[in-house]
Amino acid sequence: MYLIDTHTHVYDHQFSLDRNEAMQRALDAGVKMMLLPNVDASTIAPMLELHEQYPDCTRVMMGLQPEEVKEDYKEVLSLMEKELERGIYVGVGEIGLDFYWDATYENQQFDAFETQLDWAKQLGLPLSIHCRNAFDKMVKILEKKQDGGLRGIMHCFTGTEEEAKVYLELGFHLGLGGVTTYKNCSLKEYLPILPLERIVLETDAPYLAPVPCRGKRNEPAFLVHTAQKIADILQIPVEELAEATTKNVQTLFLGL
Ligand SMILES: [Zn+2]
């Protein structure tokens, strides 16, 4: 089996004691490629370090996560724009909007998001988009910016059928993770009618571990539980789901 974890933060400090073991467990489980989205200025170095250590099974993205958009976001963005010039990044992420905890930096989040969408267009790179408590505002910006030049993943998608359709119509893929395996997740009800060619898998490790590991620290190896659950819902063999979703990622991110 060849699975791709399209969103994982294995470089996070929560893996400081067993990072190499976690990487090995992922490879042993069939998670042969891991896409690493950046979070803020402080995560660039550990992310690159992990990528240097595992160049064949990791790829890096560059971006400022919306919850980390603060007073100094313009300086952080100019540092990241410089980073992107190195040409080693396969995507722009994770970027987006998040008004879950507070909306103090709402206008800054809009500005940072739009700036980074423009980078993706200019560089022809796919996106990893984070959206929480911001669906309407997200769609408004994406509708404004989509001119055929934007593609990518709505990471950790857990919305309604209507919301899924809006993102699909905008040309995006849906990143399904651990939440899909939770009892109360409504996605299960309409998952079978979604186009399989627009679905990709992710863990968002160390967060949101799938059942039966819910509550534990998440890690890329646990992607197999999410894959199995989705395959069960779709009533297809997990190998078939792995093949389809891996192909989807390879069309989005070139050279994987
Ligand atoms: Zn993330």
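This is a predicted model, so every value here is computed, not measured. Order of appearance sets the numbers: ligands from 1, and atoms from 1 within every ligand.
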Stepwise side-chain hydrogen bond (donor to acceptor under 3.5 Å, both in side chains) test for Gln24 and Asp28: CA-CA 6 Å; Gln24 194 54 52; Asp28 292 346; 3.0 Å; yes

Name of whichever N/O/S atom of Glu94 is nearest to the Zn ion (ligand 1):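 The Glu94 atom nearest to the Zn ion (ligand 1), restricting to N, O or S, is OE2.
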
Asp204 atom (N/O/S) at minimal separation from the Zn ion (ligand 1):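 The closest N, O or S atom of Asp204 to the Zn ion (ligand 1) is OD1.
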
Ring centres under 6.0 angstrom apart (Tyr11, His9):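 Yes.
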
His130 near the Zn ion (ligand 1): N/O/S under 2.8 Å: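 Under 2.8 Å: His130 has no N, O or S contact with the Zn ion (ligand 1).
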
Under 2.8 Å: N/O/S of His7 next to the Zn ion (ligand 1):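 Yes - counting backbone and side chain alike, His7 has an N, O or S atom under 2.8 Å.
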
side-chain contact (heavy atoms from CB on, under 4.5 Å) partners of Pro192, counting only residues at least two apart: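 Partners of Pro192 under the side-chain contact (heavy atoms from CB on, under 4.5 Å) test: Ile233, Leu234.
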
Residues that Arg25 engages under side-chain contact (heavy atoms from CB on, under 4.5 Å), provided they are two or more places apart: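 Counting only residues at least two positions away or on another chain, Arg25 forms a side-chain contact (heavy atoms from CB on, under 4.5 Å) with Asp18, Glu21, Ala22, Arg217, Glu219, Ala221.
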
